[in-house]
Every structure is written in structure tokens, then in C-alpha cells.
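Shown next, in C-alpha cells, is the structure this report addresses.
Because the structure is predicted, anything quoted here is derived from the model rather than measured. These numbers come from the heavy atoms of this one structure, side chains and all, not from hydrogens, waters or symmetry mates. A note on names: the letters A, B, ... follow the listed sequences, proteins ahead of strands, and every chain is numbered from 1.
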There are 2 protein chains.
Amino acid sequence: MTHQREIILAELKKSTDHPTADELYERIKRQLPRISLATVYRNLEILSTAGMIRKLEISGRQKRFDWDLREHHHISCLRCQRVDNIELEVQEMLPAQAEDRQGYDISGWRVEFFGLCPKCRKDTNNSQGEETMACAPKGLSDNQRQVLEALAKSKEACGSKDIAAATSLEAKQVSCQITALKKKGFVESPIRCKYTITPEGQGALGE
Amino acid sequence: MTHQREIILAELKKSTDHPTADELYERIKRQLPRISLATVYRNLEILSTAGMIRKLEISGRQKRFDWDLREHHHISCLRCQRVDNIELEVQEMLPAQAEDRQGYDISGWRVEFFGLCPKCRKDTNNSQGEETMACAPKGLSDNQRQVLEALAKSKEACGSKDIAAATSLEAKQVSCQITALKKKGFVESPIRCKYTITPEGQGALGE
DNA sequence: CTTGACTCAGGAATGATTATCATATAGTTT
DNA sequence: AAACTATATGATAATCATTCCTGAGTCAAG
């Protein structure tokens, strides 16, 4: 039990959420500014194989960690990835049902619920468009920026040929970028084959 | 519904396991040799958001895909990552229990079991050592090879200082490599602070 | 006071997935 | 059918999370 390992465990026990390795890393850096992310990963792995903490493999790519070893299950938000605890009473029935099935030697089980957490639920009700907004990536490639700048200069909606003339790009490439920009919500098409920049697109250019 | 998307869906429906994207890619290449892995990923994503297939986020890093939309749950092997179906009768009781908890708007749930599949279970019984053997990576870095070669030349067990003399490495570096080599099973320590190469280490050198 | 066991920080490497973009294909509208 | 747009694909680069590698530091036992 090294110093860093103690800090990592203490920091995890302080947390009421179920932090990911890098979230924990950010919090620990305040106490141990020189600690490395690899050390956090290594010690979380050691602690979980030693059975001192639990590793949760839910809700997307990043694994989350839980200091609470008592038997309980989780509910996670599909929008913001938040994870909360949830208690169930039917737990005992589950392993019995599955026993001796398929010839597996069953060593564990888990129940997971997912849906929208109260906060995300409220956000959805207030504004429908926001969910696509929040999810769309904000970065712009060079080509996308060129197209967007050309659109910003034009007062009226223009076709991809006009844009191609205004930039160094070919018409084909322009159409390709427009599709990507539409998906990000930076461009819209008031008439078929004519495009304008959206307020969000303006904002993206300014950054 | 494009041709490749049809093929991908058909190939998935043919499979009784729950393949990963790259497993599916390997199978599909037989029919469409020019298809790209990105297309497989893209279409699996499209099909699953369209609700035509299910994306499983269980058992480690790689996501798996399931053509069977009927309500069922899974059991996965901790050793070989294999995933099988499992039927439960208590399903209906679960969502009722969790309803209105934590203010979440629950849209789904799943139950997962894990353990050892029949095959891995048998392998464990037959030979205890095999699991560590099978897991250890076989590659050698330059420094590791140097140390191992020096040990191979020596008839008797020798300390890290002897090895340092025989190679261009410092004593500290040698000790570091020895630790790594011991973990791989290429070196053992008959007496404290004295090391010899193992038959596995000889084999690794020969490759 | 050596010697080796153990751990760390930092960076490189890896594996899985996603984004980009030029090209190919499939639709629409005139 | 021509002219054009819209969408999908294949190849590849980029990204993200995680793990591996290595030289250096620390500590305890001999």
C-alpha cells in the first residue's frame, strides 16, 4: 500500500458519483501534482483485482470505479453518462434461475438500467433541438472552415457551385463538406440545393 | 438499404455467436473482398440506431452485435470473451421495481451473467499453469534480449552485476529487465539474487 | 552501505472506434 | 436522358482509452 495508492483509494471513497480513471486523475492531481495517469490506471486495476474496489463496465467506453462493495446495481444516463446506484429486491432469485445453464460456471451477475437522469430529462422538455446541438462535435477541418467562411460572406442562400467559385475547392468537395456541416448544425438549406450559414455556424467560425 | 448493408445484416443473422465488428469484417470479406472495416462499423451503427440489430456493450473492450431483437439477456466468459444467450423469467418484475426511482426516465435494462464457459472451465481443470502462460506476452525488447542472451551463455546462475558486465547496460537497468523477464517466465531465481534462464526463455531467444 | 525488490512518472505503443475526404453510386429535377 | 445533388463507400488518418516499457527513485534486508 503505497502513498499514491492510499490517496487514490481515499479520493474514490470521497466521491458519491462513479468516476472514470481520468476524472479521478484530475481530482488527485490537486494533492499529487506529479502523479501520472498511468499510475492511476495501474492502481485502480490492482485495487479492483484485490477486491478492494469494483470496476464497472457500463455506459460507453470509459470504465468507472465504485468503492462500495455491497451488492447493488446501477442506473446510467444515456445522455450525460452519469451513473447512480439502484437497489433491487429480486437479486437473490437471479443466480438461481441461471444456475447450471449452458454449462457455465457462473461467478457473478449484474443488472443495469438506463434512461435519462432528472437533469437531462428536464433539458429535453425545455428545448427539443438542444440534444442534437449538444452532441454535435464542434471542430472544423480546413475545408469545412473555407466553405463556412464563403457562406458567411454571402448575404443570400447560394448553391455549391457558387461556393466552389469563391473557394479553391471543387464543386464535388464542396457538396461533401456541406453534408458534414449540415450534420453539425452549422449550415441549413432554406431551399433545395441552396444553403445558408446558421447562427451556430457563425459561432463556430468565431472561435 | 445498400448492397453492403444487406450483406452485413445477412452475415450477422447467420451467426449464432455475437460477433465483434472485426470478426464480422473477416467473414464478410469472403463475399465482398473490397469492403472496408469502416463500412462495417458505419453500417452496424446505422442498423443499431435504426433498431434493426442490438449493440451489446459487455465483456471488455470490443462491442458485440446481436441480430435477435427479442427480449433476452447474456452470459459471457471471463476468459475467452465468448457471449451466449440466457433466458430469464423474472424479467417483468425488474422494471416495476425500479420505476420512479431516482427520478430517472427508464428506457431499458439488462441483466448480464459472467463466469467460465464450459470449454475454459475444462482447460482450467486440466492445467493450472496454462493460464498464466497463455496470457504472458512473448515479445522481447532489445535490452531484454541482451540480458537473456548473457544469461544463456552463462552455465551457472549469476547476479545482475555479472550481467551488467557482460552487456552494455547498467546494473539498475539489468534489474529492471530481469523483473520483466521473470514476469514473462523467461527467467527464474534458484537462489536469491541469482538468476538463470528457463527453457521458455531459451525458446523465446530462438524465435 | 550494498544489493535487489518494488514502485513511479512519463512517454511510447496498442487496440478499438470514428472522422475525413476523394471517388463511386444512386436519386431528383428539369 | 442530362445535369445535377445527395449519399455511401474505401482508404487512411485521427482520436480516445488503456496498457506497456524503461530509467530513476525509494526502501528494506543482508
Side-chain angles (χ1 to χ4, degrees), chain A residues 1-5 8 20-23 25 29 32-46 55 57 60-64 136-137 139-144 147 159-161 164 169-184 189 191-195, chain B residues 1-5 8 20-23 25 29 32-46 55 57 60-64 136-137 139-144 147 159-164 169-184 189 191-195:
Chain A
M1 202 61 179
T2 65
H3 181 53
Q4 315 24 19
R5 195 174 303 164
I8 290 169
T20 60
D22 68 306
E23 282 169 2
Y25 170 63
K29 266 203 295 196
L32 299 172
R34 298 186 48 73
I35 199 168
S36 104
L37 178 57
T39 302
V40 175
Y41 270 106
R42 189 173 334 116
N43 283 299
L44 286 172
E45 185 61 37
I46 290 169
K55 176 157 58 166
E57 310 211 6
R61 288 218 276 227
Q62 281 182 88
K63 281 168 194 139
R64 293 175 173 274
L140 287 176
S141 69
D142 280 354
N143 288 358
Q144 287 170 5
V147 170
S160 54
K161 228 172 180 178
L169 301 166
E170 294 170 39
K172 258 184 189 172
Q173 298 175 27
V174 171
S175 135
C176 190
Q177 303 313 328
I178 295 222
T179 312
L181 290 166
K182 271 199 294 186
K183 200 158 62 184
K184 295 187 186 182
S189 173
I191 329 163
R192 197 181 133 81
C193 306
K194 296 283 174 184
Y195 309 97
Chain B
M1 202 63 179
T2 64
H3 182 53
Q4 359 317 60
R5 194 173 302 162
I8 291 169
T20 60
D22 67 308
E23 282 168 2
Y25 170 62
K29 267 203 295 196
L32 300 172
R34 299 186 47 75
I35 200 170
S36 107
L37 179 56
T39 302
V40 175
Y41 271 106
R42 203 173 11 229
N43 283 299
L44 287 172
E45 184 61 36
I46 290 169
K55 175 157 62 167
E57 310 211 7
R61 290 215 276 224
Q62 283 182 87
K63 282 168 193 140
R64 292 175 174 274
L140 286 175
S141 69
D142 280 355
N143 288 0
Q144 287 171 3
V147 170
S160 56
K161 228 173 178 176
D162 307 320
I163 301 168
L169 302 165
E170 293 171 40
K172 255 188 186 169
Q173 298 176 25
V174 171
S175 134
C176 190
Q177 303 312 329
I178 295 221
T179 312
L181 290 166
K182 271 200 293 187
K183 201 158 61 183
K184 294 187 189 186
S189 174
I191 330 161
R192 198 181 130 83
C193 305
K194 296 281 176 186
Y195 308 97

d(CG, B:L44; P, C:dA16) in whole Å: 15 Å
Separation of B:Q173 CD from B:I163 CD1 (nearest 0.5 Å): 13.0 Å
Touch class at under 4.0 angstrom, heavy-atom based, for B:D142 against every strand present: nothing
Contacts of B:S175 that satisfy side-chain hydrogen bond (donor to acceptor under 3.5 Å, both in side chains) - sequence neighbours left out: none
B:R34, nearest nucleotide to its side chain (from C:dA5, D:dG10, C:dT20): D:dG10
Under 4.0 angstrom between A:N43 side-chain N/O and C:dT7 OP1 or OP2: no
Interatomic distance where NZ belongs to B:K29 and P belongs to D:dA11 [whole Å]: 10 Å
First encountered from the 5' end of DNA chain C, between A:E170 and A:H3: A:H3
Nearest-Å distance for atom pair CG/P, residues A:L181 and C:dA19: 14 Å
Residues forming a side-chain contact (heavy atoms from CB on, under 4.5 Å) with A:K172, sequence neighbours excluded: none
Listed nucleotide nearest any side-chain atom of A:N143, set C:dA22, D:dG23, C:dA19: C:dA22
Rounded distance in Å - CG (B:L32) to C1' (C:dA24): 15 Å
Side-chain N or O of B:T179 closer than 4.0 Å to phosphate OP1/OP2 of C:dC6: no
Candidates D:dT9, C:dA5, C:dT7 - which lies nearest the side chain of B:Y195: C:dA5
Rounded interatomic separation in angstrom, taking CD from B:E23 and P from C:dA16: 10 Å
Presence of A:K172 side-chain N/O under 4.0 Å of C:dT23 phosphate oxygens OP1/OP2: no
Please produce a list of atom pairs where a protein N or O lies less than 3.5 Å from an N or O of nucleotides 16-18 of chain D.
residue, atom, partner, partner atom, Å
D:dA17, OP1, A:Q62, NE2, 3.0
D:dT18, OP1, A:K63, N, 2.9
D:dT18, OP2, A:Y41, OH, 2.3
D:dT18, O5', A:Y41, OH, 3.3

Interatomic distance where CD1 belongs to A:I178 and C1' belongs to C:dC21 [whole Å]: 15 Å
B:C176 side-chain proximity, nearest of D:dG23, C:dA22, D:dT5: D:dG23
Touch class at under 4.0 angstrom, heavy-atom based, for A:S160 against every strand present: sugar-phosphate
Closest nucleotide among D:dG10, C:dA9, D:dC20 to the A:I35 side chain: C:dA9
Proximity to the side chain of B:A38 - top-ranked nucleotide from D:dT12, C:dC8, D:dT7: D:dT12
OP1 or OP2 of D:dG23 under 4.0 Å from side-chain N/O of B:Q177: yes
A:E23/A:Q62 under side-chain contact (heavy atoms from CB on, under 4.5 Å): CA gap, chis, key distance, verdict: CA-CA 10 Å; A:E23 282 169 2; A:Q62 281 182 88; 6.0 Å; no
For A:Q4, all residues meeting side-chain hydrogen bond (donor to acceptor under 3.5 Å, both in side chains), sequence neighbours excluded: none
Whichever of B:V40 and A:K55 has its nearest DNA chain D nucleotide further upstream toward 5': B:V40
Pairwise distance CD(B:Q177) to CD(B:Q144) - rounded to 0.5 angstrom: 5.0 Å
Given DNA chain C, 5'-ward residue of the pair B:S189 and A:S36, judged by closest heavy atom: B:S189
Sugar-phosphate, base or nothing in reach of A:Q173, heavy atoms under 4.0 Å: sugar-phosphate
Side chain B:R42 and base D:dG10 donor-acceptor under 3.5 Å: yes
Show me the side-chain donor-acceptor pairs of residues 32-46 of chain A shorter than 3.5 Å, one per line, residues at least two apart or across chains.
residue, atom, partner, partner atom, Å
A:S36, OG, A:A38, N, 3.1
A:S36, OG, A:T39, N, 3.3
A:S36, OG, A:T39, OG1, 3.4
A:N43, OD1, A:R5, NE, 2.6
A:N43, OD1, A:R5, NH2, 3.3
A:N43, ND2, A:T39, O, 2.9
A:E45, OE1, A:K55, NZ, 2.9

Short side-chain to backbone donor-acceptor contact, A:S189 and A:Y195, under 3.5 Å: no
Whole-Å distance separating the CD atom of B:E45 from the C1' atom of C:dT17: 10 Å
Whole-Å distance separating the CD1 atom of B:I46 from the P atom of D:dT7: 12 Å
Table of protein N/O atoms under 3.5 Å from nucleotides 27-30 of chain C N/O atoms:
none

5' precedence on DNA chain D between B:S175 and B:P33 (nearest-nucleotide basis): B:P33
Touch class at under 4.0 angstrom, heavy-atom based, for A:Q4 against every strand present: sugar-phosphate
side-chain contact (heavy atoms from CB on, under 4.5 Å) assessment of A:T20 paired with A:R61: CA-CA 10 Å; A:T20 60; A:R61 288 218 276 227; over 6 Å; no
Among C:dC21, D:dG10, C:dG4, the one nearest A:S141 by side-chain distance: C:dC21
Given D:dT9, D:dT5, C:dT7, the nucleotide with the shortest approach to the side chain of B:T39: D:dT9
